[in-house]
Every structure is written in C-alpha cells, then in structure tokens.
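Just the heavy atoms: all of them, side chains too, but no hydrogens, waters or symmetry mates, feed the values below.
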Amino acid sequence: MATTGGDRQPKYQRIADVLRESIKSGEYGPGDRLPGENDLMAKHGVARMTARQALGVLQNEGIAESRKGAGVFVRAFRPLRRRGIQRLAQEQWGAGRSIWSADIEDRTLVVDQVAVTEEPAPERIARVLDVAPDEAVCVRKRRFVLDGKPVLLATSYLPAALVAGSAITQEDTGPGGTYARLAELGAKPVHFREEVRSRMPSQDEANRLNLSMGTPVILICRTAFADEGRPVEVNEMTLDSASYILEYDFDA
C-alpha cells in the first residue's frame with residue numbers, strides 16, 4: 001500500500017493538525033482548554049513526549065497558550081492588525097491622534113514601563129542619526145499593553161540637542177506624540193524607513209511580553225527623517241509575533 005503524505009508526517013504533527021482543525025471548526029473556542037497530555041496519549045496511543053510536542057506546535061504558532069498548572073488553552077487574544085503605512089500618515093499625528101489609533105479601533109491600549117533618559121548614543125544609533133559617537137541622545141523606553149496583553153517593547157532615540165526642553169523628554173509627549181512635537185521643533189518627519197526581521201526572544205523580552213515558549217519576536221527598526229533627509233528618530237521595536245498581523249496597503 002502506498003504511503004500517503006499524511007502518514008509520513010510525525011505523529012505529533014498529525015495530532016496538532018487534528019487539534020487545529022477542531023479549533024477552526026469551533027469545537028474549541030477562544031479561552032477553551034484543549035485536551036491535556038493524558039487525554040491525547042489515551043486517544044491517539046502515543047507517548048507523553050509526542051502529546052507534549054503536539055500541544056507545543058499550537059503554542060509556537062500562537063494558536064494556544066500554556067497556563068501554569070492549568071493546561072493549554074486556545075488563545076483568546078485577537079491579533080492586532082498593524083497598518084504600517086496609514087498609521088504613520090501626517091493626518092494621524094498632525095491632527096493630535098496617536099499613530100496607534102489607526103490600528104486598535106475600540107480596544108484598550110495602555111503604555112507602561114515608561115522610562116525617559118539621556119544617554120551616550122550607542123554606535124549603531126549614532127551611525128543612523130548621523131551624530132558623533134557617544135553624543136547625548138534622548139532615550140524613550142515603553143511597553144505597550146493591548147487588552148491586558150503586552151504586545152510591544154519600543155525604544156526611541158532622538159538627538160538630545162534637538163529635543164532639549166520639549167515634551168519629548170517627558171513621559172507624556174502630549175497629543176500626536178513624538179512626531180507632533182518634532183514638527184513643533186521645526187523637524188517634522190516627512191519620510192520613514194522601516195526594516196523588519198525576526199528572531200527568538202531574549203529571556204528579558206520573553207518575560208516582559210509574557211511570551212509562550214517557542215514564540216518568536218518581530219523586530220522593526222524605524223527611522224524618521226525630516227527635510228533634506230535629516231534623521232531625527234530611530235525607534236527599535238520588539239513585537240510578539242503571535243499578536244500581530246503586519247499590513248502594508250499601497251497603490252501599484
């Protein structure tokens with residue numbers, strides 16, 4: 001008898017496929033507990049490690065999450081659709097709106113773990129901002145929590161000489177945020193560049209984002225440019241990949 005493609009799959013992957021289809025069909029909804037390792041062992045006749053691997057696949061895909069001492073549950077969090085172009089339009093921050101307002105609709109966003117300091121520019125930042133190595137930069141660190149779930153860590157770097165005495169050096173930058181304040185300083189952003197890559201998180205990132213084991217992060221480095229190509233901000237962001245859909249909508 002010929003071997004089918006499904007038969008060639010590892011047992012844990014086949015079990016994961018069954019669970020995934022059960023979630024898609026609605027048998028298990030958001031917040032529901034999935035069958036545990038013992039249940040899967042009995043139903044599929046597999047070893048504990050195989051059952052554990054099957055549940056791990058769904059966790060790695062961001063479909064399920066483990067709750068210590070309680071089991072593995074279907075994730076109830078609705079992924080955030082990050083509209084990469086619309087959110088940075090001047091009509092957003094220029095009108096005093098947060099760039100997040102293009103993404104979150106009626107959801108609850110909280111910014112916590114805010115720290116604003118002045119530090120010597122790291123070499124990579126000095127190179128992008130076109131300032132001397134170790135020149136002072138304003139560093140803004142924040143964590144963004146959506147519907148109670150940490151989704152993003154962000155660290156912005158701006159030339160200290162440019163933003164000295166402005167609201168950018170305060171925790172609350174005011175309506176329109178950093179970009180509206182830069183415009184008031186005569187350094188209005190007119191162009192943005194974003195670089196995107198992915199990797200596994202550091203332990204600190206995993207802790208601060210409450211990541212399930214095996215969940216990678218998306219790294220976005222955005223540079224804001226004022227007139228004549230003058231770089232005025234570098235923003236290094238770390239995103240929970242399971243919490244985001246990156247959307248880029250533009251004309252041909």
Side-chain angles (χ1 to χ4, degrees), residues 12-13 16 19-20 23 30-31 34 37 49 52-84 87-88 99-100 103-104 107-117 119 121-125 127-128 137 139-157 171 178 192-224 233-248:
Y12 75 86
Q13 186 65 63
L19 291 172
R20 191 185 299 104
I23 294 170
L34 292 173
E37 294 176 8
M49 181 56 69
R52 185 172 298 166
Q53 287 177 305
L55 292 170
V57 168
L58 301 184
Q59 292 176 66
N60 291 346
E61 292 176 356
I63 297 172
E65 59 185 358
S66 176
R67 299 178 189 171
K68 191 171 183 179
V72 177
F73 295 76
V74 179
R75 278 185 64 138
F77 183 82
R78 178 161 49 101
L80 173 65
R81 188 172 294 275
R82 182 183 189 272
R83 295 175 170 86
R87 69 197 314 269
L88 293 174
I99 63 175
W100 280 80
D103 304 331
I104 63 174
R107 303 172 72 177
T108 302
L109 177 72
V110 175
V111 184
D112 70 358
Q113 299 184 4
V114 180
V116 184
T117 58
E119 303 174 16
E123 182 178 350
R124 70 184 187 285
I125 300 300
R127 186 166 55 250
V128 178
V137 290
V139 183
R140 298 182 51 82
K141 296 182 179 181
R142 295 92 70 209
R143 185 177 73 161
F144 294 81
V145 181
L146 184 67
D147 294 343
K149 168 73 175 73
V151 295
L152 168 71
L153 307 175
T155 302
S156 296
Y157 301 87
E171 290 190 5
T178 295
F192 297 96
R193 179 182 66 218
E194 288 193 342
E195 300 172 349
V196 182
R197 57 192 178 95
S198 181
R199 61 164 167 76
M200 298 307 295
S202 67
Q203 188 60 58
D204 178 65
E205 290 167 341
N207 291 340
R208 293 180 66 198
L209 290 171
N210 294 346
L211 298 179
S212 299
M213 184 178 299
T215 303
V217 291
I218 299 169
L219 306 178
I220 300 180
C221 181
R222 179 172 68 235
T223 305
E233 182 217 31
V234 176
N235 190 349
E236 295 183 329
M237 293 163 275
T238 303
L239 292 65
D240 170 9
S241 65
S243 295
Y244 273 91
I245 297 171
L246 304 185
E247 178 182 296
Y248 297 91

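- A heavy-atom distance below 4.5 Å is found between the side chains of Trp100 and Leu80.
- Salt bridge present: Lys149 and Asp240 bring a charged side-chain N and a carboxylate O closer than 4.0 Å.
- Interatomic distance, Arg75 CZ to Ser243 OG, rounded to the nearest 0.5 Å: 4.5 Å.
- Here the closest non-hydrogen pair linking Arg143 and Arg208 is NH1-O, 2.8 Å.
- Atom OG1 in Thr223 sits 9.0 Å away from atom CD in Glu236 (nearest 0.5 Å).
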Quiz prompt | Derivation of the side chain to side chain donor-acceptor pair (under 3.5 Å) call for Arg142 and Ser156 | solution = CA-CA 9 Å; Arg142 295 92 70 209; Ser156 296; 3.1 Å; yes
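- Of all non-hydrogen atoms in Pro216 and Ser241, the two that sit nearest each other are O-OG, 2.7 Å.
- With a 6.0 Å radius and a threshold of 12 heavy atoms from other residues, nucleotides or ligands, Met200 has its CE atom above the threshold.
- Between Thr215 and Pro201 the shortest side-chain heavy-atom distance does not fall below 4.5 Å.
- Looking only at side-chain heavy atoms (C-beta outward), Glu119 and Tyr157 stay at 4.5 Å or farther from each other.
- The CG atom of Leu211 sits 12.0 Å away from the CD atom of Gln59 when rounded to the nearest 0.5 Å.
- Proximity of Lys141 to Thr117: side-chain heavy atoms (C-beta onward) are nowhere separated by under 4.5 Å.
- Checking side-chain atoms of Arg140 against main-chain N and O of Thr178 turns up no donor-acceptor pair under 3.5 Å.
- Looking at Val151 and Leu239, their side chains never come closer than 4.5 Å, going by heavy atoms from C-beta outward.
- Remark: Thr238 pairs with Leu153, Glu205, Leu209, Val217, Leu219 by the side chain to side chain contact (heavy atoms under 4.5 Å, CB included) rule, at least two apart or across chains.
- In plain terms, the two heavy atoms of Ile99 and Asp103 that are nearest each other are O-OD2, 4.2 Å.
- Atom CD1 of residue Ile23 and atom CD1 of residue Ile63 lie 5.5 Å apart, to the nearest 0.5 angstrom.
- Residues Leu55 and Leu19 meet the side-chain proximity criterion, which asks for heavy atoms closer than 4.5 Å.
- The local environment of CZ in Arg67 is crowded, with over 12 non-hydrogen atoms from other residues, nucleotides or ligands closer than 6.0 Å.
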Quiz prompt | Verdict with supporting geometry, Leu146 and Leu152, side-chain contact (heavy atoms from CB on, under 4.5 Å) | solution = CA-CA 9 Å; Leu146 184 67; Leu152 168 71; over 6 Å; no
Quiz prompt | Residue pair Val57, Arg20: steps toward the side-chain contact (heavy atoms from CB on, under 4.5 Å) verdict | solution = CA-CA 10 Å; Val57 168; Arg20 191 185 299 104; 3.9 Å; yes
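- Side chains of Phe144 and Met237 form no contact here, defined as non-hydrogen atoms less than 4.5 Å apart.
- Using a 4.5 Å cut-off on side-chain heavy atoms (C-beta onward), Val139 and Ile125 make no contact.
- Shown here for Phe73 and Gly31, the closest heavy-atom pair between the two residues is CD2-O, 3.3 Å.
- Heavy atoms only, all atoms of each residue included: Ala64 and Val72 are closest at CB-CG1, 3.7 Å.
- Arg82 and Glu194 are joined by a salt bridge, as a carboxylate oxygen and a charged side-chain nitrogen come within less than 4.0 angstrom of each other.
- By the side chain to side chain contact (heavy atoms under 4.5 Å, CB included) test, Pro30 is found to be paired with Ala76, residues two or more places apart in sequence or in another chain being considered.
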